Each structure stands twice: as C-alpha cells, then as structure tokens.
Amino acid sequence: SVTVTTVYTITATSAAGCTTTATSTVTILPTPTITVNSPTMCVNNSTPLNASGANTYTWSPGTGLSATTGSTVTANPTVTTTYTITGASAAGCTATATSTVTVNPTPTVTVNSPIICKNATVTLSASGASTYTWSPGTGLSSTTGASVTANPTVTTVYTITATSAAGCTTTATSTVTVNPTPTITVNSPTICINGSTTLNAGGASTYTWSPGTGLSSTTGASVTANPTITTTYTITGTSAASCTATTTSTVTVNPSPTVTVNSPSICVNGSTALNAGGASTYSWSPGTGLSGTTGASVTANPTVTTTYTVTGTSAATCTSTATSTVTVNPTPTITV
C-alpha cells in the first residue's frame, strides 16, 4: 500500500542455506482529476453538464438526466439535485466529483382583469415577480412595470411576461372588458307658455334629468315638463353595465298672443264691426248676431247686449282669448 512507485528486493534462502535475490516493482498510477460544472436553471428548463479529466464517466442518480454515461449529459431535474460523477482514466483508475444543479422556481404572477366603460381608464397591477413586460401596447400607458394604466377602446387581452430575481419567467393574462356607453335619445318639443309636454328618453336603463325646474320628476325614462321659458335639460343615461352617457333636450316655450278687440255700442237693429288683433287667426263665440265666426274682423248686430269671446292663435299655434261686449242701446219711444 505504497503511495509512490517502489522497487522491493526479495532475498530468498533455500533449505540448504543457499540464497538469491529478486525484485518486485509496485507501480503507482495517478487517479484522474474530475472537473464538472454546477449550473443554475429554471424549473421545466434543461442545462448541459460537462465533465472532464478522465476517459469515461458515469453519472448518478439518473433522475432528470438524458444519459448516465458520457462526458456531457443534459439535465432537467424538477428540484435542486446533486449528481455524482465517477471518472475512470485509461489505466482504470477512478475518481469522483459532484455537480449540483440548482433549480429555481418560476414566479407565480397575479394580475387583475377589470371591466370598464368605453373611454374610461383603469390601473392594471401585476405581482409575484421582479420585472414585467406587457403586450400588446395598445391602450397602455407603458409596456413595462408592475402597474400600468389601460384605456382600450375594445375588450383587449394583455399578456404579462414576468421575470423573477433569479431570471425565471412565466406569463399571465389580463382581460380588460370594455362595455359600450349607451346612446341616449330624447325628444325636444315646442310648447306654449303655461302648457306641458312629455319628455321621453331611450337607449339606457336608468335616467336622471337636470335641472329639475319645470319637471314632474328628475328620474325616469318619461317626465312631464312645463317650464315657463325655453329650457335645455341634460339627461344622464346609465346602462345595465353602469356605463353612462349624456344628451340634451330643449323645450322651446312660445308666448301666447296678446289678443285685442274693440267693445262698441250700437242701437237696436244696428250693426258694428268687431276688429281683433295680436294673433294670426281668430275664432268668435257665440255665433249669434255675427256675420261669421272666424277672421280678424266680423260684423255684429245682436238684438241685446252680448259678450263675445275671441280666441286668437299665433303662428306658433299658441292661443289666447279676449272678450268684446257689444252694448245694444234701445231706440227711444217717441210720444207726441
């Protein structure tokens, strides 16, 4: 059990006492010096293991290895594993070395998937890794970072590539659902002062009206309006998805005409002209003693004092009334 090559001399003596010598050389062969890499990898990946310093190699255990012999093998263990490499020289001498393959986990990434209304913005936040990239960049404030602002115009799926501090990557997706804003429709009627009209809105689920002046209610799809002056109302409609839009309804208020008419006196059996003004068309009531019931001027010859009502209508179809009293004086009864 020598550590270096040694020559031994053997002196041999026979039974007759004769002697001779011989030599024995014990040759010490060197053991190989095995070198091997110890890489770091991400789970589900693979890496080459390279051994050198010997003629042949065996690897143990075989778990996660492409082969158990050879100077180069491929390793893809699922957990950190230490392999023992036994190398043999050409002279048959062996030595061992170890290679530790460190397996880093891929990050577990979480990201929100919000629902927004069209033209709105929302913050997308990813966590679980060190760095992040986002794709596509459409509608995003940035394509890198743990938090970005999104305002896509249509529902969009974003892919987030996340990298851990150890350089391992994984992907996750965030779906930004974009709900449309409602298209609000509403009528814009014309009324006469002191009149009322119905305002009907459509295109949404709920409605609010502003200002409330002259309205029967500030909520609902249908409200009654009777403003005293032309008024523009703003209607905010909310869809079932809580998206809102606004539109306006203008209620035009036309004034009533100021109708004028004379109130003459006549003698019994006489006649007179009644002249109305201030409107576009006129109607007279009652028709008793009148030459007609329409027109700006009619002839009256009632037999008794009579009050006539004249209804004047403007070009905007608003109406107003006035009265004309035709006083009928009796003729004198002459005695002689």
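Quick caveat: nothing in here was measured; it's all calculated off a predicted structure.
Between Asn226 and Gly195, the shortest heavy-atom distance links the atoms CB-O, 3.2 Å. The two atoms that bring Ala316 and Asn254 nearest to each other are CB-ND2, 3.4 Å, heavy atoms only. Val148 and Ser142 make their closest contact through CG1-O, 3.5 Å (heavy atoms, listed as atom of the first residue, atom of the second, distance). Summarising the geometry of Ile34 relative to Ala95, their closest heavy-atom pair is CG1-O, 3.8 Å, with the distance given to 0.1 Å. Considering all non-hydrogen atoms of both residues, Pro77 and Tyr83 come closest at CB-OH, 3.7 Å. The two atoms that bring Thr5 and Ile28 nearest to each other are OG1-N, 2.9 Å, heavy atoms only.
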Side-chain donor-acceptor pairs under 3.5 Å in residues 258-267, sequence neighbours left out?
| residue | atom | partner | partner atom | Å |
| --- | --- | --- | --- | --- |
| Asn262 | OD1 | Asn275 | N | 2.8 |
| Asn262 | ND2 | Ala273 | O | 3.0 |
| Ser263 | OG | Thr325 | N | 3.1 |

Show me, pair by pair, the donor-acceptor contacts under 3.5 angstrom made by side chains of residues 196-212, not counting sequence neighbours?
| residue | atom | partner | partner atom | Å |
| --- | --- | --- | --- | --- |
| Asn200 | OD1 | Ser222 | OG | 2.9 |
| Ser205 | OG | Ala240 | N | 3.2 |
| Tyr207 | OH | Gly203 | N | 3.2 |
| Tyr207 | OH | Ala204 | N | 2.9 |
| Tyr207 | OH | Ala204 | O | 2.9 |
| Trp209 | NE1 | Gly220 | O | 2.7 |

Could you list the donor-acceptor pairs under 3.5 angstrom formed between side-chain atoms of residues 242-252 and any protein atom two or more places apart in sequence or on another chain?
| residue | atom | partner | partner atom | Å |
| --- | --- | --- | --- | --- |
| Ser249 | OG | Asn187 | O | 2.6 |
| Thr250 | OG1 | Thr232 | OG1 | 3.0 |

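Looking at Ser66, its side chain never comes within 3.5 Å of a backbone N or O of Val73 through a donor-acceptor pair. At least one donor-acceptor pair under 3.5 Å links the side chain of Asn112 to the backbone N or O of Ser125. In this structure, Thr231 contributes its side chain and Ile229 its backbone to a donor-acceptor pair below 3.5 Å. Judged by distance alone, with hydrogens and angles left aside, the side-chain atoms of Ser89 form a donor-acceptor pair with the main-chain N or O of Cys93 at under 3.5 Å. The backbone N or O of Val178 lies less than 3.5 Å from a partner atom in the side chain of Thr155, making a donor-acceptor pair. Proximity of a side-chain donor or acceptor of Ser314 to a complementary backbone N or O of Pro257 within less than 3.5 Å is not detected. In this structure, Thr319 contributes its side chain and Thr313 its backbone to no donor-acceptor pair below 3.5 Å.
Annotation: disulfide (SG to SG under 2.5 Å) contacts involving residues 145-231, sequence neighbours excluded, comprise Cys42-Cys168, Cys192-Cys318. Among pairs with a residue in residues 193-232, none fulfils disulfide (SG to SG under 2.5 Å), at least two apart in sequence or across chains.
No more than 12 heavy atoms of other residues, nucleotides or ligands sit less than 6.0 Å from atom CG of Asn44.
Interatomic distance, CG of Asn301 versus OG1 of Thr306, reported as 10.0 Å (0.5 Å rounding). The OG1 atom of Thr153 sits 9.5 Å away from atom CD1 of Ile116, with the distance rounded to the nearest 0.5 Å. Expressed to the nearest 0.5 Å, how far OG1 of Thr331 lies from CG of Asn269 amounts to 7.0 Å. Within the model, atoms CG of Leu65 and OG1 of Thr74 stand 9.0 Å from one another, a figure rounded to the nearest 0.5 Å. Between atom OG1 of residue Thr309 and atom CH2 of residue Trp284 there is a gap of 10.0 Å, rounded to the nearest 0.5 Å. Taken to the nearest 0.5 Å, the OH atom of Tyr158 stands 7.0 Å off from the CG atom of Leu124.
Considering only heavy atoms from C-beta on, Ser99 comes within 4.5 Å of Ile85 through its side chain. With a 4.5 Å cut-off on side-chain heavy atoms, Val79 and Val43 do not count as touching. Tyr282 places none of its side-chain heavy atoms less than 4.5 Å from the side chain of Thr294.
There is no side-chain donor-acceptor pair under 3.5 Å between Thr163 and Thr169. A side-chain donor-acceptor contact under 3.5 Å links Thr72 and Asn50.
Listed by chain and residue number, nothing satisfies the side-chain contact (heavy atoms from CB on, under 4.5 Å) test with Thr108 (two or more places apart in sequence, or in another chain).
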Checklist entry - Can Thr80 and Asn104 be said to form a side chain to side chain contact (heavy atoms under 4.5 Å, CB included), step by step? => result CA-CA 8 Å; Thr80 296; Asn104 289 317; over 6 Å; no
